[in-house]
Every structure is written in C-alpha cells, then in structure tokens.
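Just so you know, ligand 1 is whichever comes first in the structure, and atom 1 is the first atom listed for that ligand. Basis for what follows: all heavy atoms, side chains included, without hydrogens, waters or symmetry-related copies.
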Amino acid sequence: MKKHILVIPGDGIGPEVTTWGKAVLEKIAEQFGHQFTYDKGLMGHVAIEATGEPLPEETLDKAKNSDAILFGAVGHAKYDNDPSARVRPEQGLLKIRKELGLYANLRPIMLFDELLDASSLKPEILKGTDILFFRELTGDVYFGEKKRSEDRRTASDLMIYHRYEIERIALKAFEAARVRSKRLCSVDKANVLESSRLWREVVQDMAKEYPDVDTEHMFIDNAAMQLVKNPKKFDVVLTANLFGDILTDEASQIAGSMGMLASASIGDGTGFFEPIHGSAHDIAGQDKANPLASILSVALMLEISFGLTDEARKITSAIDKTLKDGYRTGDIADTKTDPAKILGTKAMGQKVLEFLS
Ligand SMILES: NC(=O)c1ccc[n+]([C@@H]2O[C@H](COP(=O)([O-])OP(=O)(O)OC[C@H]3O[C@@H](n4cnc5c(N)ncnc54)[C@H](O)[C@@H]3O)[C@@H](O)[C@H]2O)c1
C-alpha cells in the first residue's frame with residue numbers, strides 16, 4: 001500500500017515521542033511491504049517562532065494533501081502564564097481541527113494487564129475495562145464567541161451546538177456501539193445547560209434508529225464519579241468537546257498514565273493521530289517522556305485510516321511484550337519495577353522496535 005504521511009512533531013516532548021511513532025511506521029512498512037512517504041510540518045510554538053503563525057499555510061496545505069497526519073503536541077510554558085498573549089500555540093491545533101473538519105475524536109482507554117498496578121485505582125476495579133470515548137471536537141465553548149468587557153472585569157465563552165454537529169458524531173458513536181458491546185452512554189449536563197438539552201434531544205431521537213443499542217444518558221458530574229468508581233460500567237461514551245476533554249484525562253489514570261493513551265481525530269478528510277498528552281514542559285528534553293502513546297497513535301492510524309488491522313495488532317502486541325518483559329518508562333513504573341528496566345524515551349522506543357522484529 002502507498003500512503004503519504006505528514007508528521008507534525010510540535011513542541012516540548014512532541015518531537016521526542018513522534019520520532020518513535022515514525023520509526024515504528026517505517027519498521028511496519030518494511031515488514032509488510034508498504035510504501036509510506038513522509039513530510040514534516042510546523043505547528044505550535046516552533047511555528048510561531050519561525051513564521052509568526054501557530055499554523056502556517058504551508059503546514060495546512062501539506063495536511064490537506066496527505067493521507068494521514070501523525071502529531072506530537074503543542075504548548076510552551078511562556079504562554080501558559082500569559083493570558084494576554086494574542087498568538088498562542090494551541091490556536092494552531094484548534095485551526096487544523098476546524099480546517100480539516102475533524103469533528104470526532106476517538107479515545108480508546110486500553111488497559112494493558114501489566115500496568116494494573118501503575119494506576120492509582122485498585123486493580124480489581126480496573127481489570128477488564130475497555131472504553132471508547134467519542135469526544136466532539138469542533139464545537140462547544142472552544143469555538144463559541146469569546147468576549148471580554150471593556151473594563152476587562154467580565155468574560156464569557158459561548159457554549160454552542162448545532163443539531164448537525166451532534167448528529168454526525170452521534171452517528172459514529174452509535175455505529176461503533178453496534179459492533180462493540182451494544183452499549184452507549186451519552187454524557188451531558190442537560191439539567192442545567194440548554195446546549196446539553198439539545199444534545200440529549202438529538203441523541204434520544206437517534207437512539208430510535210438503533211433499537212439494538214442500549215442507550216443511557218448521564219450527567220457529567222455523575223459520569224466523572226462513576227468513571228473511577230466502576231469504569232467497567234462504560235463501553236462507548238459519547239460527549240461534547242469540553243466534557244470529553246476533562247473526562248478522558250481522568251480516564252487516562254485507568255490506563256496508568258497520559259503517556260499510554262492515543263487518540264484519532266476523524267471527520268470529512270485526512271485523519272489526525274496524536275497522544276492525548278500535551279507538550280509536558282516539566283520533562284521536555286530530558287529523555288523521560290513515554291513514547292508509547294505516540295506509537296499507539298500509529299496503530300490507530302493504520303487501523304482507522306488505512307484499514308491495516310494486522311499491522312496495528314502487531315504494534316499493540318509488541319508493546320504488550322515490552323511491558324510483559326518488565327520494561328517501563330518512569331511514568332508507568334511502580335515499586336515492583338526492576339530499576340534496571342526503567343527506560344528513557346529512546347531506550348523504550350528501541351525496545352518496541354526490537355519486539356516488532
Ligand atoms: N494536544 C495538545 O497538544 C495538548 C494537550 C494538552 C495540553 N497541551 C499543552 O501542553 C502544555 C503542558 O500542559 P499540561 O502540563 O497541562 O499537560 P501535559 O499532558 O503536557 O502534562 C501533564 C502531566 O503528565 C506528564 N506527561 C504527559 N505526557 C507524558 C508522557 N508521554 N510521558 C510521561 N509523562 C507525561 C507531564 O510530565 C505532566 O506532569 C500546555 O502548554 C498545554 O496547553 C497541549
């Protein structure tokens with residue numbers, strides 16, 4: 001198979017982890033006889049420094065002309081503590097999601113048995129958890145009108161949803177529920193928010209078309225609590241942009257670390273694959289970042305964008321073997337880990353490549 005992939009490493013630990021995602025793609029291409037070609041794009045703080053823009057036109061053009069995108073992370077400490085900054089790295093990410101029509105963010109909460117002890121939750125609560133989140137990605141307060149009063153003492157962000165935006169992501173979630181365990185939980189705040197009442201109305205209407213799917217509605221506050229109390233209760237979870245952002249970070253603790261979770265953003269065109277974590281300035285440049293989320297993002301790319309399920313399975317199985325052999329990065333190590341097997345980013349990436357061979 002011939003595919004053209006754009007790699008956008010971004011900021012902080014982005015380039016460190018993306019190197020290993022790409023190395024795994026190259027290895028898989030070699031082993032399965034695929035021809036993958038690559039290009040590189042700038043986005044985030046590095047792009048602002050180089051061009052003044054968080055998402056240069058050149059990167060956007062390359063993105064539109066590729067078959068899939070592998071992304072790292074954007075963000076820089078200097079903007080986090082400067083709310084007045086006019087140009088910000090995250091604007092690049094929001095713009096590319098909007099421009100590529102990436103309205104559905106899929107976040108599988110995959111739990112490797114070897115990491116049951118890495119989580120702060122009890123292993124017996126976690127074992128068997130398998131959740132697929134569908135987070136809406138191009139609406140909500142992220143894209144609604146933002147206002148600040150003239151005296152700068154009042155601010156607002158408009159939480160807005162149109163019916164079609166809810167329908168198109170709900171459709172993807174219902175279809176996924178149908179081929180999984182036929183359970184869907186839609187999370188909202190319909191007891192308070194008008195946009196959530198529209199959300200619930202649309203999902204209830206669509207549920208009539210899916211009588212084989214057991215559809216449940218849950219308020220976000222309850223869902224946040226249930227997720228740590230009894231995560232096995234969930235299978236497919238459908239939710240809006242802001243609620244999904246928070247809920248999936250919470251769910252990352254089920255998998256042991258942010259460094260273990262990958263995501264796929266899909267919509268009308270090119271798919272976009274990235275770890276759920278950010279640029280992690282606290283560990284950037286120190287060879288401490290866990291590259292497995294980036295490598296798992298590549299597995300999602302192969303499966304979702306290219307339909308290469310055997311290749312994707314080979315990657316997850318190589319990660320499984322790496323973990324079974326006791327190798328860990330610092331974020332997923334625990335008191336039982338052999339200190340000699342706590343690896344840096346590079347050594348962990350190399351281990352996965354070895355197990356792929
Ligand atoms: N998709 C994105 O690009 C994205 C997402 C979230 C945050 N951000 C940006 O990232 C910057 C840092 O934000 P934050 O600290 O809130 O979130 P973060 O995800 O970067 O880090 C949170 C914590 O998790 C740890 N961590 C994250 N990824 C890890 C990995 N692969 N291996 C080991 N540990 C890992 C970090 O060291 C940190 O302690 C900010 O500028 C923020 O705006 C970007």
| said: Show me the pairs that pass ring-ring contact (aromatic ring centres under 6.0 Å, His included) and involve residues 142-170, at least two apart or across chains. | reply: Tyr161-Trp199, His162-Tyr164
| task | Please say whether Ile276 places an N or O atom under 3.5 Å from an N or O atom belonging to ligand 1. | result | no
| field | Subset of ligand 1 atoms that lie under 4.0 Å from at least one heavy atom of Ala280 | value | 12 (C), 20 (O), 27 (C), 36 (C), 37 (O)
| query | Between Met258 and ligand 1, which residue portion shows a heavy-atom distance shorter than 4.0 Å: side chain, backbone, both, or neither? | reply | side chain
| query | Considering distance alone, does some N or O of Glu90 sit under 3.5 Å from an N or O of ligand 1? | reply | yes
| query | Taking the six-membered ring where the residue is Trp, are the ring centres of Phe71 and Phe272 under 6.0 Å apart? | reply | yes
| Which is it for Asn290 and ligand 1 at heavy atoms under 4.0 Å: side chain, backbone, both or neither? | both
| query | Between Gly278 and ligand 1, does any nitrogen or oxygen pair lie at a separation below 3.5 Å? | reply | yes
| remark: Residues Glu16 and Thr345: closest non-hydrogen pair is O-CG2, 3.9 Å
| field | Exercise: do Thr138 and Arg168 side chains pair donor with acceptor under 3.5 Å | value | yes
| request: Quick one: list whatever passes salt bridge (Lys or Arg N to Asp or Glu O under 4.0 Å) with Asp325, sequence neighbours left out. | output: none
| message | So for Leu93, does at least one of its heavy atoms come nearer than 4.0 angstrom to any atom of ligand 1? | response | yes
| said: So is Ala293 touching ligand 1 or not, going by heavy atoms under 4.0 Å? | reply: no
| query | Side chain, backbone, both or neither: which part of Val74 comes within less than 4.0 Å of ligand 1 when only heavy atoms are counted? | reply | both
| query | Is NZ or CZ of Lys321 both nearer than 6.0 Å to the six-membered ring centre of Phe355 and within 45° of the ring axis? | reply | no
| Residue part near ligand 1, for Ile13, under 4.0 Å between non-hydrogen atoms | side chain
| Do Ser257 and ligand 1 have an N or O pair less than 3.5 Å apart? | no
